[in-house]
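Computed over heavy atoms, backbone and side chain alike; hydrogens, waters and symmetry mates excluded. Just so you know, residue 1 is the first one in the sequence shown, and it goes up from there.
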Amino acid sequence: MSDPSRPPEPAAVSELDQLPDRDAEETAEWRASLDAVVRNAGPDRAVYLLRRVHEHAARSGLAVPGLLTTDPVNTVPAWAQPDFPGDLALESRVTAWNRWNAAAMVSRGARLGLGGHLSTYASAAWLYETGFNHFFRGKDGDGSGDQLFVQGHATPGIYARAFLEGRLDEQHLSNFRRETGGHGLPSYPHPRRLPWLWEFPTVSMGLGPLAAIHQARFNRYLHARGIKDTSGSRVWAFLGDGEMDEPESTAALALAAREGLDNLTFVVNCNLQKLDGPVRPDAQIVRELESRFRGAGWNVVKSLWGEAWDALFRQDTDGSLVRRLGEVPDAQLQTYAARDAAYVREHFFTGDTLSAVAAGLDDVALTELFGASRGGHEPLKVYAAYRSAVEHRGAPTVVLVQTVKGHTLGPEFASRNANHQMKKLSRQQFRDLRDRLELPIPDSALDGDEVPFWHPGEDAPEVRYLRERRSELGGPVPERRVVAGPLPQPPPAAFAALHKGSGTQEVATTTALVRLVKDLMRDKATGRRWVPIVPDEARTFGMESLFPTAGIYAPGGQTYEPVDAGQLLSYREAADGQLIDEGITEAGSVAEFTAAATSYATHGEPMIPVYVFYAMFGFQRTGDQFWALADQLGRGFVVGATAGRTTMTGEGLQHADGHSHLLASTNPAAISYDPAFAHEIAVIVREGMRRMYGERPEDVFYYLTVYNEPKRQPPMPPGPSVEEGILRGIYRFRAAPSPDAGPRIQLLSSGTAVHWALEAQELLAAEWGVRADVWSVTSWTELRRDALRADAARLRGEERVPYVTRALAGAPGPVLAVSDWMRQVPDQIGQWVEQDYASLGTDGFGLSDTREAVRRHFGVDPASIAVAALDQLARAGAVPPETVARARARYGQEG
């Protein structure tokens, strides 16, 4: 009985209520029809009819919203599967050999404590083999072939296949994870460690999916700009379902859909297990991923169940089986794969209808339903899914494939929570694996201390078949192949303006660098190879001048009239635009930079990317990606614009960058510079072009920090040693003023701090009679690396003096170093300076205020430098202690 004191329940409100219903009677009839179906045939039938109507509407071209989830069945029904074009028996034999050798490789390494992963490849073997035999295109054909992002933990299986192909030998496999002696194999896809095989590092989970999307996008960019025809290239990314929890894994899904990247296929191996247990214990990861990808605009293809399920689905006239599969959480599905038939009968096939289905199956068939009969373990199902994916047009495709982790390794492994940590098989387990895979390996071969690798022979039918398939598809994959030659070096005239300085005009070094890049983009020989990349801060960096000239890359061109049309620097998008404005995504920017920075190998087309980021949102936010860039042997220019902890006024703590150079110093491939002047930038960029794109290109990338503080840019000082000093890391910019008498000190400074040091030099001379030499340190990190190499040479018996030691040799007085970075940055070189060494820096959190106030706060302004210099001289006995006290009082630094 209703309570009359309670207000009535509000009527359900729909967004359709705000639109007029031009035929309410017809609407009521449709609702009544649906109600009748529910009453007479049940809700499952009603849902089925609605699904059919929705499907028909979409196929008829009506603009209806797509469904986010579908029934837990395969996308391609059994009757629609394409004919399998290969020899299934031979492909099964190839896969069996690969399973054996992958398990042997990891088990042998595990005996040495090296670790490894058995269960991932065991679940994904057919996902790779079907691709290798029928889809993945190599580089011997037209174009660049396909790009494969291999799941890191599946690496042993890829090595095992390369062994059958003859690209690796037994010694390689024996040296899995043993690289120091040469002829070894890295644990995961590491291009820097095995550069002829691997193209893309993927084991830092989440970076592979993001990189794959931007690789597919950059392929389109190259094609649109007429640099290379990449229309035949497809990007394949193999991912784990647990990996999809990394935020980077899904960060660019909308970008891929928005730009219609139908040259991209994700294959997500849904073995339902992360490293410690189920991915979704109380839910279903396949349903979640389907919803996420469909919502982002992707085409979704599911391959969940094997052939044995097809007959069961045909019997499911009332939807009981499909409904039951939709109810079972992943942790329970994982348990079914590990239990016996009696358990499955009791716990899954519940109710009269499902019990009747189970009654028609023997125990073996019943247990295989949740084990071997998963979509990812049957090549015909995988082939059908892949074929559907590559034939889809207009959107990227994700293939969601269900497997059992540890499949074929035996009951101790299959679907067990701990199988990620299980690194080896016992001798008996190897015997069982041999029998399960039906391999002709004699018992005698398994009696030794080490399980053998096995090759059926060069003339074995399966080896011949494997090689024939790869030949038809354009050669081996994965393969990294560098065929690009050097680029013509820009003429000296391109750098001349920066060498001359700015005269009376004040110019920020950020502006100077942007002007240089713009001039280099005009070069007839290499200008079109520059790829400027910004994360939605082009105007901050003064790069809006590139909008009308270079254009912003947009696959669909500019389909609207920009609000600033008619202005000199109006916003201009173009299908062949050169500038990539990523939007607010540093992760996407670095992924795009990496694709461009490695195009010399991926496509045989050297590109010159220059990625300009804001404040600390580079190495701090995306340091892992920069490490992957180094691993992938990327080349290009990374620019930390608006650098320094005190140079960006008003932005405060989260923007004040005082530590990026310290972070960059940990990356061996990052050549880091903190130039103070435009002429230094010119010298550094020109040398970077030579080192990365010259006759002997190096696998490094350049990192420059530039500042948004306008200053007069001096001309480049004369003398042959200046350019060498700029490149090596230090040169004396301004010697101490006369007279010769008086205390001496050496002021070392970098970036914008050179200007503070120059002012301090004048204060010390005019007010305290101290003569200071001012040195521009263009790279604290390169000086340290040179010194470390000198130390290593000395231990080998060679006599080498670090460059910084030689540069400062005999310089009178102590050394005081200062920068707009935390003190650890200049302290990198302290132990190789023969003089007494001290430093100033901007340690701590940033804050908002004027530049002058913040520099005084951190004690790096000219007056603070002067006080610190006098204090250092007093400790050395060169000035009386009371001089320091007077200086503190004069500059307001008491108390």
Just jot down the ring pair (Phe, Tyr, Trp, His ring centres under 6.0 Å) partners of W821, sequence neighbours excluded, or say none. H661
Using the test ring pair (Phe, Tyr, Trp, His ring centres under 6.0 Å), find all partners of F593 that sit at least two apart in sequence or belong to another chain. none
T883 (side chain) donor-acceptor with V879 (main chain) under 3.5 angstrom: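 Side chain of T883 to backbone of V879, a donor-acceptor pair under 3.5 Å: no, none is there.
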So does G618 get a backbone contact from the side chain of T622, meaning a donor-acceptor N/O pair under 3.5 Å? yes
Do you know which two heavy atoms are closest between E834 and G810, and how far apart they sit?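 Closest heavy-atom pair between E834 and G810: OE2-N, 3.1 Å.
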Donor-acceptor side-chain pairing of Y571 and D581 below 3.5 angstrom: no
Assess whether a salt bridge exists between [X] and [Y], defined as any Lys/Arg side-chain N lying under 4.0 Å from an Asp/Glu carboxylate O.
X    : Y    : answer
E709 : R855 : yes
D791 : R800 : no
E506 : K711 : no
R875 : D871 : yes
R192 : D631 : no
D576 : R225 : no
D564 : R572 : no
E544 : R539 : no

What do the steps show when you test D843 against R645 for salt bridge (Lys or Arg N to Asp or Glu O under 4.0 Å), and what is the final call? CA-CA 9 Å; D843 291 70; R645 183 151 279 159; over 6 Å; no
So with a 6.0 Å cut-off around [atom1] of [X], is the heavy-atom count from everything else above 12?
X    : atom1 : answer
K500 : NZ    : no
E723 : CD    : no
L788 : CG    : yes

Which of parallel (below 30°), tilted (30 to 60°) and perpendicular (above 60°) describes [X] and [Y]?
X    : Y    : result
Y673 : Y702 : parallel
F701 : F619 : parallel
W530 : F637 : parallel

Cation over ring face, R890 and W768, 6.0 Å, 45°: yes
Looking at Y600, I'd like to know if the NZ or CZ of R635 sits under 6.0 Å from its six-membered ring centre while staying within 45 degrees of the ring's axis.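 Here R635 passes the 6.0 Å and 45° test against Y600.
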For this output row, return yes or no: ring centroids of [X] and [Y] closer than 6.0 angstrom.
X    : Y    : result
Y614 : H655 : yes
H499 : F677 : no
Y611 : F613 : yes

Under the criterion salt bridge (Lys or Arg N to Asp or Glu O under 4.0 Å), I'd like the reasoning laid out for E605 against R529: C-alpha separation, chi angles, the key distance, then a yes or no. CA-CA 9 Å; E605 295 288 347; R529 295 189 178 273; 3.0 Å; yes
Which residue pairs satisfy the salt bridge (Lys or Arg N to Asp or Glu O under 4.0 Å) criterion with at least one member in residues 746-764, sequence neighbours excluded? R734-E762
